[in-house]
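Presented below is the structure to which this report refers.
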Number of protein chains: 4
Amino acid sequence: MIGTGFMGAAHSQAFRVAPRFFDLPFHPEMTVIVGRDAAKTQAAAEKLGWAEASTDWREVVARDDVDLVDICSPGDSHAEIAIAALQAGKHVLCEKPLANTVEEARAMADAARDAAARGIRSMVGFSYRRVPALTFARELVQAGRIGEVRQARAAYLQDWLVDENGPMTWRLDKKLAGSGSLGDIGAHAVDAVQFITGQSVEQVSGHLRTFVTERPLLASGVGLSGTASDERGTVTVDDAAWFTGQLSGGAVASFEATRYATGRKNGLKIEIFGSRGAIVFDLEKMNELEFYDGADAAGEQGFRRIFVTEPEHPYAAAWWPTGHGLGYEHPFSHQVRDLIFDIAEERAPSPSFDDGLQVQQVLDAVERSSADSARWTTVS
Amino acid sequence: MIGTGFMGAAHSQAFRVAPRFFDLPFHPEMTVIVGRDAAKTQAAAEKLGWAEASTDWREVVARDDVDLVDICSPGDSHAEIAIAALQAGKHVLCEKPLANTVEEARAMADAARDAAARGIRSMVGFSYRRVPALTFARELVQAGRIGEVRQARAAYLQDWLVDENGPMTWRLDKKLAGSGSLGDIGAHAVDAVQFITGQSVEQVSGHLRTFVTERPLLASGVGLSGTASDERGTVTVDDAAWFTGQLSGGAVASFEATRYATGRKNGLKIEIFGSRGAIVFDLEKMNELEFYDGADAAGEQGFRRIFVTEPEHPYAAAWWPTGHGLGYEHPFSHQVRDLIFDIAEERAPSPSFDDGLQVQQVLDAVERSSADSARWTTVS
Amino acid sequence: MIGTGFMGAAHSQAFRVAPRFFDLPFHPEMTVIVGRDAAKTQAAAEKLGWAEASTDWREVVARDDVDLVDICSPGDSHAEIAIAALQAGKHVLCEKPLANTVEEARAMADAARDAAARGIRSMVGFSYRRVPALTFARELVQAGRIGEVRQARAAYLQDWLVDENGPMTWRLDKKLAGSGSLGDIGAHAVDAVQFITGQSVEQVSGHLRTFVTERPLLASGVGLSGTASDERGTVTVDDAAWFTGQLSGGAVASFEATRYATGRKNGLKIEIFGSRGAIVFDLEKMNELEFYDGADAAGEQGFRRIFVTEPEHPYAAAWWPTGHGLGYEHPFSHQVRDLIFDIAEERAPSPSFDDGLQVQQVLDAVERSSADSARWTTVS
Amino acid sequence: MIGTGFMGAAHSQAFRVAPRFFDLPFHPEMTVIVGRDAAKTQAAAEKLGWAEASTDWREVVARDDVDLVDICSPGDSHAEIAIAALQAGKHVLCEKPLANTVEEARAMADAARDAAARGIRSMVGFSYRRVPALTFARELVQAGRIGEVRQARAAYLQDWLVDENGPMTWRLDKKLAGSGSLGDIGAHAVDAVQFITGQSVEQVSGHLRTFVTERPLLASGVGLSGTASDERGTVTVDDAAWFTGQLSGGAVASFEATRYATGRKNGLKIEIFGSRGAIVFDLEKMNELEFYDGADAAGEQGFRRIFVTEPEHPYAAAWWPTGHGLGYEHPFSHQVRDLIFDIAEERAPSPSFDDGLQVQQVLDAVERSSADSARWTTVS
């Protein structure tokens, strides 16, 4: 495990919990966690349940008793670590976005393909695919239940930057984060739409905007809980992104990603409209899927609120009885479950690094379009 | 038209509007409106569109050019006026509750039955039956779409008495109003459950409570808009009512009616649970009906939000295109439409005065049960 | 009244009803209705309550006993009729969109400005401005309750074209309708965002798409209820429109208008995010406004569902008690009310023909942008 | 840990997870799990993370290396195990309902009080108190934010018995389960209302009903997943319960518990109406609390949907960032957290066995009232 932050905690929970609910072909051992600061990493190891702590990822990815490397560090470190791990013959789970640039992502995807030839597996962590409601949404679409997909609407709405005096964190620094809302949450929206519809974004017209261009630097500490200083730093990423995409199957999708949607806390909202039905999802109500079935009798059609906690639903039977909902962290356990099965059964995991690269290319095309008067730009 | 208040305005609008949207066998003429105060009644006549104003209902119900008498005055006057009108050979539409006591209601039902033998029609104004979503709910239940009804939950929640310094109005005086929440809004809940399920309440166990027993008297004016004086009057009706009913078909229904449900403005909430499905309605979302169809495939079941504005839905085709909702007053137009057809086609209107009497008997049984330690009490 | 269709009915209802609920300086007389077919127009006159019927609008706008001309005919006729009426010294209420082209709209706005100098009033019928929840939304924004507006999201979602075998109606013919979703419903979205935020759209990047390019011609009848023939006609308007707008106050707005949003019946959804709060509206729940107040204590913030039926709310006191909702047609009565006061008090109505022209210019810029690879295009 | 079923799994997860998110005074060791069947218990131990398995609870509660006994077995075994454990000087966490009869519950409460004098702690597992939204609801009520509580409405609606051919499980056998909906889910509703309002139920009028009196016996297996045989057993518990309660502070509460509410999966719905505000909660949306603040300006009042995931909210800061919701199992971790702190800081846990006894007394009074024509019955 590389990384001790928010994602490190979420992934650790998944490794601890997945074997308690799913029957896995083998039980993952939580060997070593890597961080920058020795004392903090040691504390994280104890807290999160890792046997050892280390500050040297190079050493860790070379260890014989490490089979799988899970990368939860900031995006600028992904490529180097992932490629080294793959070359060392370790399976790799890498948080999204795959990398901060298309170039890095392409190198990673190349390395993953090479490694795959040697039986080494890699997966990129678009964990929302494994929210049961979204997995189920894909099943419905693939079964033709909404007919031909014509339009998708996807918005990822958060509001943690609304206060213009909120501090300058690493997520607002292009060097570390690659992009702002676009890569952090817009990437989830792109992946979700592509995953559900089975169509890929081929052309985009996009716009990026930074509403607050300077913010107080942190005198100490990190993230939102640090102490602000009197100095100000320059925000170098987008605060919000809007883009329209032409999909490979002929559909059109609109995307919006923002951290300024006052009142929206973690609102990934997805609507898919097809010729025979529709699907609506909101991550703030992650145990529900709305499904409109055009095959229902006239006068009886309506969006059904399906509580996605039935034994018939993806992953649900492993957890609690009907009606007992899951939380934010459960899809990470599903990710661990699936990855372990993929490794055991020598199967290519999904989403692959190639999938991660493709999302990166979409984001890149949005940036290029935004810089070119929003002109239609090919994803490549 | 007898009465110039809130209901007088609603009924007047219905007579004016119904012929503009429905093709009726004849066009109602708005002849004369009756009130207590000559000047106010004259003003009401002009405002609401009546040709004449009168302060003498006896004279009006005797007029040759009056065919239909619509009674919108307070409950204590219903019996006398309705019986006189029926005896004078006029069709009668009477606002609910039919009367303030079972005795009055029985006399009215008797008079209505007598008059019916002479071709005179009568209807009691449970207008919510003609909210398209509720009419449609009944159709679904009658078609067996939710199977055998086992449980009903009905609550009518308002909050206009929350402020303990709100004034003492006629609705809080048992002599004028008959009862409080029980008769005013609980009656709607009883009628709705019976109408949708087709089962009648046979036994009740109930409880009445008055939370605020004294309120400022009105120095001048009427209703909630009057000026409060320093003196206080005694509230002689219930503020809230709770009761459980055994239905004729074996179902059990719970009822709750209150004017102290802070934040609920006009929340008539009805849930009907059957062996194969369920129905949910909330008057605050009157254009929607939720329908749970147990015949849907496992894993695809969920409450469907049906927007009851399709041409297939009751009354809806006469109004606007799909998706364009109706408001509070439209069911009164449906009531006028149906009554006029009933008169033209010589059919007994529904709900009849007998239906109104039966609801009155339910309310009476609740009062008796409440006075008798909530014991099960037969509706009779 | 020019036009006997859907809008003709809605406007007629407004003229009949407004004086029954509002105290107006004068009572409108419903003199004459104009249509193409003599028999049908006569029937409409009787049904809708007009004293006379005519098939010659030129004669009607010249009549001395006509003071106000209400134009509800298709968009291609607006300019000619409106200009003639204004020149004849009649006040004009014209349905939206103001015209089918910017040129026509500009001529109309010029005529309206000329007429205004002579005391003649004109208004364009963006009736949704007078949905109480939207009028109230504007009040909240103008009072600074959501701070500086940063983002708006507006989508108008309908689904009546989902069936690819649905007939070719006049609304799909560019000559008659001007545009498709863009002008029919996208115009409402643009007007609503501009009205609420007080900012105007200055630049757009947009995309138009026609999903179904050929549809069965109508053998007889009109509209959706006609009989389809074997021949097919070419759809010459957009089925859906997506555009992003830069607003005059620095905000960014995303727009989407479509008739292919399966399951959405009349879903005009508007979200406005500001630096201190947010507002959310959905026309399918037209009596509600969601308001997020960033001034609420931390931990107590949340979207409030305000039931916009209180005496404090715009227009609401004239209708029913708290909690008794309005329907689709009521805003037309508010429009009549305001127009009559404007005429009586010699005030310029809002929205003016200039406002209508500006919306037309936005739509035109979207079309130009769509034809130019979605490039940013100036509204002019 | 006594019990290997659903609750055993939920509690095990809590012991494993709580120390990973909360800073606890000591780290619980998962020593031994007890079940009836040796092989199954061994499998459960491995799956759920217990060091040892045992089939002899008497031996286990006597072990020196056991400090805390967690009882998750069926209700008929609670009293014997809990009393033995307390007498052996072990802290006890006991699932709700505390026992199957008031007598057993009283003996347990007596034993708990005796043990408390010796520093031994006991807690009953009304885990929903520790759903952040409900803990927060109590805080709001205690702070006077909704004024004086007048009415509560609580319903616990499930539907897993809707199918009349569903099998006869131990939960339908009065000997094992004590009661049906009443004790299983009605107990949660009672505890929640009392917890939030701070008032206790003193009098009840109630009704119990069994809709389906015979069900197929299980040929093999257990629970809902067993195989049904041709023979039928008699259901000896209530299928649904309705009761009204008079609360110690003058409020009236209505309760409803059922497993026949078709379409409701785990719907614990609670509404609390006070003189200055209201609170609404639905367990199917467990991360949300609706709060109506009567102190908001007129015209701006409405139910606020508070997403209870902010750092200010109970327990929330230990988990994920704002907007990332919790699932069904998290309150069990909160329960473990609080119990461990109570033990460490030598504090009486809440809810105590006395609280559990009181709830048992309410349930018992409901049964007595139901048997006595729904008459008001004192809780004692």
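Residue numbering restarts at 1 for every chain, and letters A, B, ... go by the order of the sequence lines.
Lys47(D) touches chain A through backbone and side chain together, each having a heavy atom under 4.5 Å away. Of the atoms belonging to Phe307(D), it is side-chain heavy atoms, and not backbone ones, that fall under 4.5 Å from chain A. Looking at Asp159(D), neither its backbone nor its side chain comes within 4.5 Å of chain A, counting heavy atoms on both sides.
Here the CZ-OG1 distance, from Arg264(A) to Thr322(D), works out to 15.0 Å after rounding to the nearest 0.5 Å.
Taking 4.0 Å as the cut-off between side-chain N and carboxylate O, Arg305(D) and Glu284(A) count as a salt-bridged pair.
When Lys265(A), Arg20(A), Glu288(A) are compared by the number of non-hydrogen pairs under 4.5 Å with chain D, Arg20(A) comes out ahead. Taking chain A as the reference chain and counting heavy-atom pairs below 4.5 Å, the highest number among Gly49(D), Ser12(D), Gly263(D) is found for Gly49(D).
Of residues 323-332 of chain D, those residues lying under 4.5 Å from chain A by any heavy-atom pair are Gly323(D), His324(D), Gly325(D), Leu326(D), Gly327(D), Tyr328(D), Glu329(D), His330(D). Along residues 309-319 of chain A, the residues that come nearer than 4.5 angstrom to chain D, judged on non-hydrogen atoms, are Glu310(A), Trp319(A) in order of number.
The shortest distance between side-chain heavy atoms of Arg16(D) and Arg16(A) does not fall below 4.5 Å. In this structure, the side chains of Gln13(A) and Val17(D) come closer than 4.5 Å at one or more pairs of heavy atoms.
The nearest pair of heavy atoms linking Ala10(A) to Trp320(D) is CA-CH2, 3.4 Å.
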